[in-house]
Engineer: 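Please find one structure pasted underneath; my questions will follow.
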4 protein chains.
Amino acid sequence: MPAAARRNEQSRRAILDAALALLAETDYAKVTIEAIAARAGVGKQTIYRWWRRKGEVVLEALTRQQTPVVLPDSGDLEADLRELVRATVAEFADPRLSATTRALTVEMLSDDDLAGQVRDRLLRPQLEAVRDRLAAARERGQIRTGADLDVAVELIFGPIFHRWQLRTGPLTEEYADALVDHVLAAVRP
Amino acid sequence: MPAAARRNEQSRRAILDAALALLAETDYAKVTIEAIAARAGVGKQTIYRWWRRKGEVVLEALTRQQTPVVLPDSGDLEADLRELVRATVAEFADPRLSATTRALTVEMLSDDDLAGQVRDRLLRPQLEAVRDRLAAARERGQIRTGADLDVAVELIFGPIFHRWQLRTGPLTEEYADALVDHVLAAVRP
Amino acid sequence: MPAAARRNEQSRRAILDAALALLAETDYAKVTIEAIAARAGVGKQTIYRWWRRKGEVVLEALTRQQTPVVLPDSGDLEADLRELVRATVAEFADPRLSATTRALTVEMLSDDDLAGQVRDRLLRPQLEAVRDRLAAARERGQIRTGADLDVAVELIFGPIFHRWQLRTGPLTEEYADALVDHVLAAVRP
Amino acid sequence: MPAAARRNEQSRRAILDAALALLAETDYAKVTIEAIAARAGVGKQTIYRWWRRKGEVVLEALTRQQTPVVLPDSGDLEADLRELVRATVAEFADPRLSATTRALTVEMLSDDDLAGQVRDRLLRPQLEAVRDRLAAARERGQIRTGADLDVAVELIFGPIFHRWQLRTGPLTEEYADALVDHVLAAVRP
DNA sequence: AGATAAACGAGACGGTACGTCCTGTCTTGTG
DNA sequence: CACAAGACAGGACGTACCGTCTCGTTTATCT
């Protein structure tokens, strides 16, 4: 393991910036280690020294700019869920955010290790925040006690993810609202 | 456009067989056009002449062996759904089927065109079969009239797909059953 | 062996014309069988049916437009030689004629058979015409009896060919005249 | 332009050795970049990095093993010339040396740049050595002052080259001697 | 006036080599 | 000793032609 102490923070930043820039500008096929290195003005070895795969660079580039998850808790479960789902659907509908998600998904599908990292670092916080919100609702009696909260969380994100990735339908506000209705029906007492 | 009439059916079959064999045997990274051509005893140009990308070859190889979708309709919606969901979960849990799905998903994420073809040829029939089964249930009054059947279908497959791809939980029979319970709750009158 | 009787004269002409046109227009590397066939609006097989190699097509294209060799015989050996050598040098200096000669030379170097044909059909008549002129001069006592006429002919064309192909000097009228002087010195009584 | 300082001398040698070996063993048509790379245990890019065309590799392979030109100067011009011409004729008559010369000639005819390099590196030293020998003879009065030494040199090599390439006659010792006689006649006072 | 058989255009085919690109490792100086 | 620079072996990419091989479709003889 390299002595991280010696690590050049400037190069690290340049690499992550370059990766983000390329992700934003070009096809994911053009986001190669060589292109990142060239763009960052960095030797390829400096990338290989600190990351094992391109996917890890991309992941780190994306996590770096991640904002902490804050879910609204107005007490009104339906309103809060609607806000969450609308925001999520809008995000997947946005071609720019969508492109990086797509990139990351490709990497995850070809590297189990990376998949784990993405899951734990990017995804889990998001999903657990929602789970916590649902738990609070359950305590208030807004959700039936028999409901499996993990399943409930997937009932929200699964359909959106599915529709986004397989393009089986439009990602609109109407869709978001319809989804919320069904999810609520599934967990209501 | 090439005169498809002149197409050599033997070569076509050899190519698709080779693609399937490689998909089954090796990492997707090793399923290259060159490997397929070599395995099929065919010139590379013969592949490029009839398919634009590797993904299209893989897609055609997979569609060729596809069995028509038959959904049970015993009249008992819960039983039928449980059977469907258990089978689907088992399929995604199977590493062999899973590998080709993973491969195809990677290709879809990097080629919109291919994504459309996969959706229309492989996915849509499956999803519509389920939708039809739900429509039948609705006519029998087993599903509330307000339910959006498209959303309902995604309520089934979305979570499975999500859990499979992001590995956020185990793909077991218990999970299948819990999912069925929630889906039913969502659409029941 | 094809029954030449059935041969389509129109196609034959189109092929030879196409070959000439390509020779004149492009690099010799682009003069491929496929290009000739496409240009001539002819199937590749029609070329392969009547010629064994590209070089033979080129040879036939060039021989077709060849004019019969006529050497001046004014009685004045020096004047006649000077005219011949100046014309030959000028021909090699002309980039257009030079290009086809270059092409043919390449083919000859990679095909002994073709080399023989070129020698016999294109070259020999030329060389023998010169040899005959020298023989006439010898009978008139303008050339010493000991002179080897074959060597003498090569004394004329060898240096020009050498200088053209290896670009060891300019192909000017002065050069032509200097060469004539030395050749005459070599064979004079 | 690559920093030649970083060049791997071992690879360079392996490539040139492989090229020579292939030239000696096989048809020139089989001397491909891929074959050279495979034989040398080298990536193709390593060849393309340092040479533009196959011809340049071949040229460098041939120049590397070139022995410095040493011409005899016994004072006897005729004897020295006879030795030189006999050796040259024998060399062209030798099928092994002839094959590489043929290969190089093909390359020269399709690449002006390479032609220049061959001329300057391989040919010129040889021709100038002969020119110098003739100059020495002229100073001794063995050659007439009016003789053009460049023309004289070509009077020697041109006919041999011509006869070799166009196969217009045998390359024997008798031919060598006849040629020497005529060349001497051309330049003698 | 058919019949028939070869030549024809078109272009698919199995191959070979091309020249480019990227991978992940190794090497060479610089700070 | 991390770094930039970039050479290296390897190997896939997609393209261009090779020479052979069907396809149907003209033609040109020969019944």
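Chain letters run A, B, ... following the sequence lines, proteins first, then strands; residues in each count from 1.
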Engineer: For D:Arg12 and for A:Glu9, find the nucleotide of DNA chain F with the closest heavy atom, then tell me which residue's nucleotide is more 5'.
Structural biologist: A:Glu9
Engineer: Is there a side-chain polar atom (N or O) of B:Arg49 under 4.0 Å from OP1 or OP2 of E:dC13?
Structural biologist: yes
Engineer: How would you list, by chain and number, every residue that makes a side chain to side chain donor-acceptor pair (under 3.5 Å) with C:Gln45, sequence neighbours excluded?
Structural biologist: none
Engineer: In chain order, what residues pass the side chain to side chain donor-acceptor pair (under 3.5 Å) check against B:Lys54, with sequence neighbours excluded?
Structural biologist: none
Engineer: In whole angstrom, what separates A:Asn8's CG from F:dA5's C1'?
Structural biologist: 15 Å
Engineer: Contacts to DNA chain F from residues 101-118 of chain D, heavy-atom cutoff under 4.0 Å, which residues?
Structural biologist: none
Engineer: Nearest whole Å is fine: how far is E:dC18 P from D:Lys54 NZ?
Structural biologist: 7 Å
Engineer: Is the distance from OP1 or OP2 of E:dA7 to the nearest side-chain N or O of C:Ser11 less than 4.0 Å?
Structural biologist: no
Engineer: When you check the phosphate oxygens OP1 and OP2 of E:dC8, does a side-chain N or O of C:Trp50 lie under 4.0 Å from one of them?
Structural biologist: yes
Engineer: Whole Å only: how far is the CZ atom of B:Arg53 from the P atom of F:dT15?
Structural biologist: 13 Å
Engineer: For DNA chain E, determine which residues of residues 19-48 of chain D have any heavy atom closer than 4.0 angstrom to one of its atoms, and list them numerically.
Structural biologist: D:Thr32, D:Ile33, D:Glu34, D:Lys44, D:Gln45, D:Tyr48
Engineer: My understanding is that only residues two or more places apart in sequence, or in another chain, count here; which of them pass side-chain contact (heavy atoms from CB on, under 4.5 Å) with A:Arg64?
Structural biologist: A:Arg13, A:Leu16, A:Asp17, A:Leu20
Engineer: I'd like to check the ring pair (Phe, Tyr, Trp, His ring centres under 6.0 Å) partners of C:Trp164; sequence neighbours left out, ordered by chain and number.
Structural biologist: C:Phe92, C:Phe161
Engineer: B:Ala35: what forms a side-chain contact (heavy atoms from CB on, under 4.5 Å) with it, not counting sequence neighbours?
Structural biologist: B:Leu22, B:Thr32
Engineer: Given atom CD1 of B:Ile15 and atom C1' of E:dA12, what is their separation to the nearest angstrom?
Structural biologist: 11 Å
Engineer: Answer yes or no for C:Arg7 and C:Trp51: cation-pi contact, defined as NZ/CZ to six-membered ring centre under 6.0 Å and angle to ring axis within 45°.
Structural biologist: yes
Engineer: Listed by chain and number, what are the side chain to side chain donor-acceptor pair (under 3.5 Å) partners of D:Asp113, not counting sequence neighbours?
Structural biologist: D:Arg52
Engineer: With no hydrogens and no angle check, is any side-chain donor or acceptor of C:Asp94 less than 3.5 Å from a backbone partner on C:Arg96?
Structural biologist: yes
Engineer: Apply side chain to side chain donor-acceptor pair (under 3.5 Å) to C:Glu107 and list each qualifying residue two or more places apart in sequence or on a separate chain.
Structural biologist: C:Tyr28, C:Arg53
Engineer: Go through the structure and list residues passing salt bridge (charged side-chain N to carboxylate O under 4.0 Å, His left out) with C:Arg12, not counting sequence neighbours.
Structural biologist: C:Glu9, C:Glu60
Engineer: Pick out the pairs of N or O atoms, protein on one side and nucleotides 3-5 of chain E on the other, that lie under 3.5 Å.
Structural biologist:
none

Engineer: I'd like to check the side-chain contact (heavy atoms from CB on, under 4.5 Å) partners of B:Glu25; sequence neighbours left out, ordered by chain and number.
Structural biologist: B:Ala21, B:Arg39
